[in-house]
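Right, one structure below, let's go through it.
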Amino acid sequence: MIKIYNTLTRSKETFKPMKENLVKLFVCGPTVYDNSHIGHARTYISFDIIARYLKYRGFSVFYLQNITDIDDKIIKRAVSTGEDPIDLAREFEAKYLQDMKTLGVENVNFYARATEHIKEIIVQIETLLEAGYAYETDTGVYFDISQYPDFGKLSNRKIEDLNVHRISPDSSKRNPEDFALWKKKDETPTWDSPWGTGRPGWHIEDTAITEEYFGPQYDIHGGGLDLIFPHHEAEIAQMESASGQKPMVRYWMHTGFLNVKGEKMSKSLGNFITIKELLTKYSPDVFRFFVLSTHYRSPIDFSQEILEQSHNSLNRIYKFYETLEELLNVDDSSLDEPSPDESSPHNSIPETKENQEIDRLLEETKFKFLEAMDNDFNTPSALSLIFDFIRATNQNIRQGEISQKSVQNIKFFFNEISDILGLNFTSQPKNSKGHLEDELVDIIIDIRKKLRKKKDWELSDAIRSRLDDLDIILEDK
Ligand code: AMP
């Protein structure tokens, strides 16, 4: 039984899709006006793992994401670069999709562009107008917030808090907090509508898209924490008013921020690292491991040091997996005809106490791993179980003190983990040159330390002097 923390009820609830084992999952996609940064990546990797795990648990997942390809930010950027806004949006959408592919985020079934759903947006606005939830002015069509008393139920905030958000003051509106469903505009790009030319507001694109593919009610809606208020509140107000059905979404899931020195990584603060930049130094798996090491709802503080730690930890899993493969390969090459069970040198190992203990530990680890993942996708706990297992069995396994059957079972389990978490254990992290150099220097320093312990001053001085020639200064303190 999977338990999911639901932002709406502020509690963990047993997950049960609305219809049999079909999960309709929607996650707010990016506004494509610039390169995506690793804060975005944190959110999308988290939902990738959630989708993977739901599938692993036997659910059939329809994962939908929108692409905001029309927005004030896109237009502003296009004006500054002299590009056509739609061309600019397409360029950054392609880059986003490429970044996601490189990061192994591959479970989205469909990306829906806002500009390709103008018809659905207009239909939903018409429904809201007819039902008295919206009204038209000289500047646009607005949602009348006073008609929806539940506004704020997701965030536990008040309607008045909307005033600090980007809601343009407009004396033609009934309430200052009313938000735009349609903006009457002349400058391109614009679309025709019953209210003249213009473009849609931001919130309505998501509900028009989800209604089109999922209907008025569905299972999971996700996004970063910053979207709860007002974006997701506005979505609920629109959809529940238009359809008269509640709740629009059964489980609301929100990811914590990726922070830098305690502040959210964001374009506006200028404290961001693009996904592309990060991947010149670290492999996608190292970054994914870094994301997995923290629960998806908690904030993650980004730093080079933590990424280094992730790199080292991941290496331990790679090495362990490599040993499993080596043990199985040794056996494969020793086979001629008979089944591995009879020919393998390790299979001649009698059922020792160690072997039985490792089999038992494997079963226990598997059970606890699933238990952790069932508990609101607790990846840090799941990972720590893997390391406990490696620590407890490493020596026996390295020395081949277990039967081939057990090695195979362990490898099978690690393959499953690899699928669930989206980590590829068969490919070693692709180090940048700089990274490899660091590791080689670490090895040399280690050897030199040992030489010094043995009081081999001559050789240790020679190493230091050779490193000096390469501008690597070693100081013994
Ligand atoms: P945007 O394109 O700004 O709408 O962001 C797309 C998604 O990335 C949203 O779900 C945001 O909440 C999420 N996001 C943006 N910045 C961060 C961050 N620093 N940490 C985690 N998620 C983020």
Side-chain angles (χ1 to χ4, degrees), residues 7 25-51 63-77 85 88-97 99-100 103 105 108 111-114 154-155 165-166 200-206 209-210 220-235 249 252-278 287-288 290-303 306-307 377 379:
T7 312
L25 164 67
F26 176 74
V27 175
C28 288
T31 305
V32 280
Y33 70 103
D34 206 343
N35 288 308
S36 304
H37 58 67
I38 58 175
H40 300 126
R42 192 263 163 116
T43 285
Y44 296 122
I45 289 175
S46 300
F47 282 105
D48 180 64
I49 290 158
I50 289 164
Y63 181 178
L64 175 67
Q65 220 179 78
N66 68 308
I67 298 277
T68 302
D69 59 347
I70 183 64
D71 180 83
D72 290 347
K73 286 187 221 153
I74 298 175
I75 294 172
K76 197 169 155 210
R77 175 86 191 251
L88 181 112
R90 295 289 172 269
E91 179 192 334
F92 286 109
E93 176 193 293
K95 287 184 174 166
Y96 166 71
L97 295 178
D99 283 341
M100 291 302 115
L103 289 172
V105 173
V108 178
Y111 289 100
R113 290 175 179 154
L154 183 67
S155 58
H165 283 268
R166 44 177 181 161
W202 177 37
H203 312 305
I204 196 81
E205 74 176 77
D206 287 10
I209 286 170
T210 51
I220 305 177
H221 188 318
L225 215 56
D226 52 335
L227 298 187
I228 300 179
F229 188 91
H231 184 50
H232 291 162
E233 294 283 8
E235 279 191 51
V249 167
W252 282 91
M253 298 182 73
H254 292 98
T255 49
F257 293 144
L258 181 140
N259 293 329
V260 186
K261 296 191 181 122
E263 268 190 314
K264 180 194 171 204
M265 177 174 283
S266 70
K267 283 269 146 65
S268 51
L269 291 174
N271 60 351
F272 64 92
I273 299 174
T274 65
I275 296 171
K276 214 165 165 209
E277 271 165 356
L278 181 96
F287 186 71
R288 184 175 275 259
F290 162 76
V291 170
L292 287 165
S293 308
T294 302
H295 188 253
Y296 76 88
R297 282 191 284 121
S298 304
I300 306 188
D301 244 309
F302 175 79
S303 73
I306 305 179
L307 220 51
F377 312 95
T379 52

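Keep in mind it's a predicted model, so treat the numbers as computed, not measured. One-based numbering, in listed order, for ligands and for the atoms of each.
- A donor-acceptor contact closer than 3.5 angstrom is absent between the side chains of Asp99 and His40.
- At a 4.0 Å heavy-atom cut-off, ligand 1 touches His37 through the side chain alone.
- Across all non-hydrogen atoms, the minimal contact from Arg42 to Phe287 is N-CE2, 4.3 Å.
- By the 30° and 60° cut-offs, the orientation of the rings of Phe272 relative to His37 is tilted.
- Nearest non-hydrogen protein atom to atom 7 (C) of ligand 1 is Tyr44 OH, 3.2 Å.
- Of the protein's non-hydrogen atoms, the one nearest atom 5 (O) of ligand 1 is His40 CD2, 3.4 Å.
- Ligand 1 lies nowhere less than 4.0 angstrom from a heavy atom belonging to Gly222.
- Closest non-hydrogen pair, Cys28 versus Asp206, comes out as SG-OD2, 3.2 Å.
- Looking at heavy atoms from C-beta onward, Glu235 lies out of side-chain contact with Val249 at the 4.5 angstrom threshold.
- Some N or O of Gly224 is nearer than 3.5 Å to an N or O of ligand 1, by distance alone.
- By the 3.5 Å distance cut-off applied to N or O atoms, Leu227 is not counted among the residues near ligand 1.
- Contacts between Leu258 and ligand 1, counted as non-hydrogen atom pairs separated by less than 4.0 Å, involve both the backbone and the side chain.
- With no hydrogens or angles considered, a side-chain donor-acceptor pair links Asn66 and Glu205 at under 3.5 Å.
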